[in-house]
Amino acid sequence: MLRALRGAGACFVAGACCAFAVGLAAGCQDAAPQRSSGNDAGVVDARASGDAGQDTAIVGDPTNAGCIRDRVELSKDPRCTCVCSDCDCRDIQCKCDAACYGDPSCPISADAAGTGQTGASWPHQNCELSCAPLSDLVQELVCSVNNCELKQQTLALDPQPTPAENVENLQRAAKRVDVLFVIDNSGSMADDQTAAACAMDGYFDAADAAGAAYQTGVISTDMEGKHPGATRTYDADGNFVGAPKLMGVNTSCTEQLSCQCVDGAPSGERDPPICTFNASGGWIDTSSADARRRLKQTVVQGSNGSNKEGPLEQAFRFFLDLEQRGQFAGPYEIVVISDEDADADDRLCPFNTVDRSTSVGNWHPPQPLNTQDSCKADLAAFYRWYFQSRGIVVHGVLTTDVCGSSRQGRGPELSSITLEVIQATGGHHTPICQCQDYQAFFASVGKTTGQLSTSLCLAQQPTEAKTIAVTYTEGGQSQQVPRSLSDGFSYDATTNCLTFHGAAWQNAMGSYRVSYQSVSGASSKACFPAKIDPLEQTIDVTCAGVSVPKDAQNGWRLDPRDDCLLFSGQYGDVKGPCRVSYL
């Protein structure tokens with residue numbers, strides 16, 4: 001911003017001019033070098049050169065370095081001597097040789113009528129001049145310069161985030177985790193459902209051993225709602241119909257599971273299944289005595305569902321519905337059991353075949369290419385973004401590369417989309433063709449449930465895990481918790497949570513103090529080059545077209561120790577480059 005310098009009258013009488021001459025002599029003998037000229041109104045990128053705008057010295061009073069007049073070079077021409085008579089340089093007066101009458105090369109020239117003009121070297125713009133007219137044009141020219149706009153230096157600075165020390169006092173208690181099982185109920189899946197149900201005790205045992213609080217629920221991969229008890233998600237034209245509902249088991253059902261795993265291939269399938277289903281199910285409270293039986297019953301759905309399986313699309317729609325109804329809380333896990341990938345045999349291709357636009361917050365999905373060939377990559381990018389941004393951990397029993405073509409001639413690429421999402425969210429997976437591994441897989445999922453339930457999640461993202469320090473207090477006694485996967489804590493950047501391990505810490509609930517460095521909520525910092533010493537009251541800052549106010553709590557302030565601008569409040573994460581004007 002250009003600052004207006006307004007004059008306060010001319011020196012037209014002999015006495016006043018005499019007083020001016022005395023003041024000029026006293027004020028200009030101790031000339032001090034200036035580190036910025038103020039004569040270049042162009043933008044200089046400080047990142048490219050630290051010496052921008054440092055080639056000019058100015059006249060000033062070194063004992064009063066806070067004055068604007070000490071940052072302004074009024075004239076270098078020996079034919080004209082000019083001075084600011086106050087600290088803010090609002091009254092500028094000049095005395096020039098008689099040779100400057102009518103000479104435009106002088107800093108100031110005038111005609112006999114007192115009409116003056118400034119030359120090219122004058123450091124101000126839009127000035128009004130009043131000069132004392134002399135009829136013989138042989139005496140010194142005395143002028144008063146009023147209502148000028150000062151030409152400031154301008155450069156580009158790029159603010160960088162500055163880590164701040166965060167301290168959180170947290171109460172560690174078991175949080176309820178909602179675990180959503182997404183079951184493929186299309187043809188060929190009944191035996192895998194039964195094998196999975198038979199292995200689920202490993203899940204419950206691991207979650208219970210970790211002291212987890214959790215509940216489970218089941219939906220299917222059937223987007224068309226063909227399976228008895230399923231709801232329809234999309235119609236044939238790709239129009240959204242409704243979010244999947246948790247499946248329920250009719251009351252007449254009794255459990256009659258019998259399964260075997262021979263050479264990796266499950267047998268003992270139930271088709272039709274042992275139960276009938278409805279769309280009026282709910283979350284299964286695992287504190288109830290029949291929680292295991294009910295989950296196993298609901299998982300074994302048979303193979304009467306649609307062959308347009310969309311496991312991640314169904315899960316996405318389920319959780320998005322919770323968001324839209326204001327019921328999204330978490331933590332959440334998803335367990336996909338399917339021998340198909342997430343593109344639903346091209347039912348979801350190209351990507352924009354169905355409309356996923358929404359009005360919920362934090363909605364910044366990646367832009368799809370939206371071609372038939374790019375569909376798998378578009379879907380993978382979208383699902384990765386959604387489940388990661390919501391902190392949802394995805395697991396899966398899938399067709400992986402070890403299955404080869406053993407699954408009815410299908411290639412190992414079929415689960416590539418789902419596998420990408422599992423790896424991105426930190427989940428577990430196991431090959432659907434090796435049922436002997438199901439028990440270990442479900443135990444790993446149960447362990448994750450325990451970690452999510454008993455973890456401590458941080459409000460800000462640490463700059464580095466090594467900055468985290470944890471203290472536990474019980475009965476007035478505090479002790480440091482070591483960083484250890486066997487007997488202490490670990491940090492998961494994906495969930496931004498601390499997990500506790502070992503007999504001493506796994507079930508140690510209560511008061512914790514966590515300190516760490518974080519850039520979120522802290523100041524951003526942009527420093528002037530070393531040879532520039534800006535005058536704080538002359539600084540003006542604009543970032544990305546937005547004027548940033550001078551405000552220590554919600555704007556910028558200057559740290560005089562290193563001549564750096566510190567941004568805070570709503571401008572704490574301001575992005576550059578910023579245009580900074582200064583003297």
Side-chain angles (χ1 to χ4, degrees), residues 179-203 216 218-223 226-230 247 249 255-275 277 292 295-312 314-315 334-342 344-345 394-419 422 427-446:
V179 187
L180 181 69
F181 288 79
V182 186
I183 308 302
D184 187 341
N185 53 23
S186 65
S188 79
M189 278 299 299
D191 53 350
D192 301 301
Q193 298 165 6
T194 306
C198 290
M200 280 183 178
D201 283 328
Y203 168 75
T216 63
V218 180
I219 63 174
S220 78
T221 62
D222 185 353
M223 296 191 301
K226 291 185 176 180
H227 185 272
M247 297 180 67
V249 177
E255 181 179 1
Q256 297 177 6
L257 282 177
S258 175
C259 54
Q260 294 180 341
C261 182
V262 181
D263 295 328
S267 62
E269 64 185 52
R270 299 287 307 202
D271 199 1
I274 58 178
C275 301
F277 304 94
R292 298 191 184 202
L295 178 62
K296 292 176 181 180
Q297 290 174 340
T298 316
V299 164
V300 184
Q301 299 177 16
S303 54
N304 294 327
S306 169
N307 64 350
K308 301 299 184 183
E309 306 103 290
L312 295 182
Q314 291 284 87
I334 299 171
V335 183
V336 173
I337 302 175
S338 176
D339 65 353
E340 289 283 355
D341 206 6
D345 281 345
V394 182
H395 312 280
V397 179
L398 311 165
T399 302
T400 66
D401 53 359
V402 302
C403 296
S405 58
S406 62
R407 300 289 295 182
Q408 299 181 2
R410 301 186 179 100
E413 76 283 358
L414 286 173
S415 296
S416 61
I417 299 173
T418 309
L419 187 57
I422 290 171
H428 304 281
H429 67 276
T430 195
I432 199 168
C433 57
Q434 295 183 352
C435 56
Q436 72 273 15
D437 296 332
Y438 287 9
Q439 187 84 18
F441 163 76
F442 281 112
S444 296
V445 175

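Residues Ile432 and Thr399 are in side-chain contact: their nearest non-hydrogen atoms beyond the backbone lie under 4.5 Å apart. A heavy-atom distance below 4.5 Å is found between the side chains of Val299 and Met200. For the pair Thr298/Phe181, no side-chain contact is recorded, criterion being any heavy-atom separation below 4.5 Å from C-beta on. Residues Leu180 and Ile219 form a side-chain contact, since some pair of their non-hydrogen atoms from C-beta on lies under 4.5 Å apart. Tyr203 has its side chain within reach of Val179: a pair of non-hydrogen atoms, C-beta onward, lies under 4.5 Å apart. Side-chain contact between Ile183 and Met189 is absent, with no heavy-atom pair separated by less than 4.5 Å. In this structure the side chain of Ile422 never reaches within 4.5 angstrom of the side chain of His428, judged on heavy atoms. Between Val218 and Leu295 there is a side-chain heavy-atom pair separated by less than 4.5 Å.
Nearest approach of Val336 to Pro311, heavy atoms of both residues: CG1-CB, 3.7 Å. The two atoms that bring Gly302 and Ala190 nearest to each other are CA-CB, 4.2 Å, heavy atoms only. Nearest heavy atom pair, residue Met223 against residue Ala344, reads CE-CB, 3.6 Å. For the residue pair Ala197 and Val300, the shortest heavy atom distance occurs at CB-CG2, 3.7 Å. Taking every heavy atom of both residues into account, Ser186 and Glu309 meet most closely at OG-OE2, 2.8 Å. Here the closest heavy-atom approach between residue Asp201 and residue Gln439 is recorded as C-NE2, 4.3 Å.
In this structure, CD1 on Ile417 lies 11.0 Å from CD on Glu340, to the nearest 0.5 angstrom. Of the inter-residue distances, the one linking Asn185 atom CG with Ser306 atom OG reads 8.5 Å to the nearest 0.5 angstrom. To the nearest 0.5 Å, atom OG of residue Ser303 and atom CG of residue Asp191 are 9.0 Å apart. To the nearest 0.5 angstrom, Gln301 atom CD is 9.0 Å from Asp222 atom CG.
Between the side chains of Ser220 and Asp184, no donor N or O sits under 3.5 Å from an acceptor N or O. In this structure, a donor-acceptor pair under 3.5 Å is absent between the side chains of Gln314 and Thr221.
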* Stepwise side chain to side chain contact (heavy atoms under 4.5 Å, CB included) check, Ser338 with Thr418 -> CA-CA 10 Å; Ser338 176; Thr418 309; over 6 Å; no
* Given the rule in the side chain to side chain contact (heavy atoms under 4.5 Å, CB included) test, do His429 and Leu419 qualify, once you have shown the distances and angles that lead to the verdict? -> CA-CA 8 Å; His429 67 276; Leu419 187 57; 3.7 Å; yes
* Run the side chain to side chain contact (heavy atoms under 4.5 Å, CB included) check on Val402 and Gln434 step by step: do they pass? -> CA-CA 9 Å; Val402 302; Gln434 295 183 352; 4.1 Å; yes
* Taking it one step at a time, do Val394 and Leu312 satisfy side chain to side chain contact (heavy atoms under 4.5 Å, CB included)? -> CA-CA 9 Å; Val394 182; Leu312 295 182; 4.2 Å; yes
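Looking at residues two or more places apart in sequence or on another chain, you find a side chain to side chain contact (heavy atoms under 4.5 Å, CB included) between Thr430 and Val397, Asp437, Tyr438, Phe441.
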